[in-house]
Asker: 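Below: one structure in structure tokens.
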Amino acid sequence: MPVTVLLVDDEPLVRAGLRAVLEAQPDIEVVGEAADGAAVIPLVRRLRPDVVAMDVRMPLLDGIEATRAVLRTVQDPPKILVVTTFENDEYVYEALRAGADGFLLKRARPAEIVNAVRLVAEGESLLFPAAVRQLAGEYGRRPGNAAARDVLDRAALTEREADVLRLMARGLSNAEIAAELIVGAETVKSHVSSVLAKLGARDRTQAVIAAYESGFVAPG
């Protein structure tokens with residue numbers, strides 16, 4: 001089955017460009033488009049896309065609020081890939097904190113766009129780990145992050161789960177973590193699931209952000 005994608009951007013040329021790149025792939029299908037985040041929820045409910053590629057800045061409802069709305073109101077929500085002009089934008093970090101699974105630069109090359117959609121759909125790797133680390137270093141250390149430290153403390157990760165979280169923060173895939181720890185891929189998958197459950201994280205992106213914001217892993 002192909003990965004199905006919903007495109008959300010107020011610029012028709014951006015949507016057209018993304019559609020052309022993605023539909024050239026046999027394993028990706030664009031199932032719909034929208035010009036603003038306000039239209040996302042009904043389209044997601046009707047089309048059930050695997051991935052929503054959504055502009056972070058839109059006039060009526062931006063990508064941050066649209067991400068929150070989808071995750072709050074849609075059962076079994078899609079993966080969300082926010083699309084942005086600037087990778088060091090605070091809006092991008094807020095979208096990731098709101099629950100987005102990754103971000104994509106509008107100037108990205110076609111191969112990078114396709115890879116981003118596939119990686120986010122699979123959910124077994126962190127998209128652009130170095131950029132997430134940079135964003136966390138710039139925007140992640142705030143007074144309210146005592147809450148993030150409390151979450152990590154209450155999670156009571158085992159030593160092996162802590163190792164897995166550190167490797168996730170480095171951007172390693174499940175297969176790469178398995179090779180690093182010399183364990184089976186299914187064992188890693190089980191550890192990752194346990195880490196997410198203990199942290200109350202929807203996916204590895206949210207777990208990694210929690211690791212940075214709590215100080216469990218240092219950005220840089």
Side-chain angles (χ1 to χ4, degrees), residues 3 50-51 67-68 71 76-82 87-90 92-105 108 112 114-220:
V3 175
D50 299 310
V51 177
T67 295
R68 290 192 180 110
L71 299 183
D76 191 21
K79 303 290 187 179
I80 297 178
L81 181 62
V82 293
E87 63 186 302
N88 62 345
D89 191 343
E90 186 173 6
V92 173
Y93 191 68
E94 290 304 319
L96 295 177
R97 293 184 80 240
D101 302 274
F103 69 92
L104 174 67
L105 294 175
E112 292 172 328
V114 170
N115 185 54
V117 168
R118 287 175 178 153
L119 275 180
V120 166
E122 292 166 1
E124 292 199 354
S125 295
L126 185 68
L127 185 60
F128 305 137
V132 173
R133 189 158 53 243
Q134 181 179 347
L135 286 167
E138 189 164 355
Y139 303 115
R141 297 301 181 86
R142 296 176 177 175
N145 286 341
R149 290 191 291 275
D150 288 343
V151 169
L152 259 295
D153 290 342
R154 289 197 304 271
L157 300 179
T158 67
E159 184 176 347
R160 181 46 56 92
E161 289 167 349
D163 291 339
V164 167
L165 180 55
R166 291 188 187 97
L167 294 173
M168 287 166 58
R170 282 171 45 191
L172 273 63
S173 67
N174 286 359
E176 291 167 334
I177 294 172
E180 182 86 10
L181 298 179
I182 317 176
V183 297
E186 287 302 313
T187 299
V188 171
K189 190 173 182 179
S190 176
H191 285 316
V192 170
S193 295
S194 181
V195 169
L196 298 186
K198 287 185 174 183
L199 295 178
R202 152 177 143 89
D203 58 30
R204 66 201 301 136
T205 302
Q206 309 310 310
V208 167
I209 286 175
Y212 285 133
E213 292 197 340
S214 66
F216 179 81
V217 175

Asker: Set out, in order, the CA-CA distance, both residues' side-chain angles and the distance that settles side chain to side chain contact (heavy atoms under 4.5 Å, CB included) for Glu180 and Arg170, then state yes or no.
Answerer: CA-CA 12 Å; Glu180 182 86 10; Arg170 282 171 45 191; 3.9 Å; yes

Asker: Using only atom types and a distance under 3.5 Å, with no angle test, would you say the side chain of Asp101 pairs donor to acceptor with the backbone of Ile80?
Answerer: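 Present.
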
Asker: Quick check for you: to the nearest 0.5 Å, what is the distance between Glu94 atom CD and Leu135 atom CG?
Answerer: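 Rounded to the nearest 0.5 Å, the CD-CG separation comes out at 10.5 Å.
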
Asker: If I compare all heavy atoms of Leu165 with all of Ala207, which pair ends up nearest, and what's the gap?
Answerer: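 Looking at all heavy atoms of both residues, the shortest contact is CD1-O, 3.9 Å.
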
Asker: Looking only at heavy atoms, what is the nearest atom pair of Ser194 and Glu161, with distance?
Answerer: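 Nearest heavy atoms, Ser194 then Glu161: OG-OE2, 2.6 Å.
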
Asker: Counting only N and O atoms by type, is there a donor-acceptor contact under 3.5 Å from the side chain of Ser193 to the main-chain atoms of Lys189?
Answerer: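 A pair under 3.5 Å: yes.
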
Asker: Just how far is it from atom CG of Leu167 to atom OG of Ser173, taken to the nearest 0.5 Å?
Answerer: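 Between atom CG of Leu167 and atom OG of Ser173 there are 10.5 Å.
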
Asker: Looking only at heavy atoms, what is the nearest atom pair of Ala95 and Thr67, with distance?
Answerer: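 Shortest heavy-atom separation between Ala95 and Thr67 comes out as O-CG2, 4.3 Å.
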
Asker: Are the side chains of Leu181 and Val164 in touch, meaning some heavy atoms are under 4.5 Å apart?
Answerer: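 Yes, at least one pair of side-chain atoms sits under 4.5 Å.
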
Asker: Between Asp203 and Gln206, is there a donor-acceptor pair closer than 3.5 Å when you use the side chain of the first and the backbone of the second?
Answerer: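 Yes, the answer is positive, given that a donor and an acceptor are paired below the 3.5 Å cut-off.
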
Asker: Where do Ala100 and Thr205 come nearest, in terms of heavy atoms and distance?
Answerer: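 Result for this residue pair: O-CG2, 3.8 Å.
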
Asker: Could you tell me whether a side-chain N or O of Arg160 sits under 3.5 Å from a main-chain N or O of His191, the two making a donor and an acceptor?
Answerer: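 Checking the backbone N and O of His191 against the side chain of Arg160, no donor-acceptor pair under 3.5 Å is found.
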
Asker: With side chains defined as the heavy atoms from C-beta onward, is the minimum distance between Leu157 and Leu152 less than 4.5 Å?
Answerer: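 Of all side-chain heavy-atom pairs linking Leu152 with Leu157, at least one is under 4.5 Å.
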
Asker: Which atom names give the shortest non-hydrogen contact between Leu196 and Arg202, and what distance separates them?
Answerer: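 Closest heavy-atom pair between Leu196 and Arg202: CD1-O, 4.4 Å.
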
Asker: Please examine the side chains of Asn174 and Arg204, heavy atoms only from C-beta on, and report whether any two atoms are closer than 4.5 Å.
Answerer: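 Yes, at least one pair of side-chain atoms sits under 4.5 Å.
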
Asker: Give a yes or no on whether a salt bridge exists between Glu213 and Arg97, defined as a side-chain N under 4.0 angstrom from a carboxylate O.
Answerer: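 Yes, Glu213 and Arg97 are salt-bridged.
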
Asker: When you look at Lys198 and Thr158, which way does the side chain to side chain contact (heavy atoms under 4.5 Å, CB included) test go after all the steps?
Answerer: CA-CA 11 Å; Lys198 287 185 174 183; Thr158 67; 4.1 Å; yes

Asker: Before giving the answer on side chain to side chain contact (heavy atoms under 4.5 Å, CB included), spell out for Val120 and Leu104 the whole-Å C-alpha distance, their side-chain angles and the decisive distance to 0.1 Å.
Answerer: CA-CA 11 Å; Val120 166; Leu104 174 67; over 6 Å; no

Asker: Test side chain to side chain contact (heavy atoms under 4.5 Å, CB included) on Arg118 and Val3 and set out the steps.
Answerer: CA-CA 8 Å; Arg118 287 175 178 153; Val3 175; 5.5 Å; no

Asker: Restricting to non-hydrogen atoms, name the atom on Tyr212 and the atom on Ala169 that form the minimum distance, rounded to 0.1 Å.
Answerer: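 Taking Tyr212 first and Ala169 second, the nearest heavy atoms are OH-O, 3.0 Å.
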
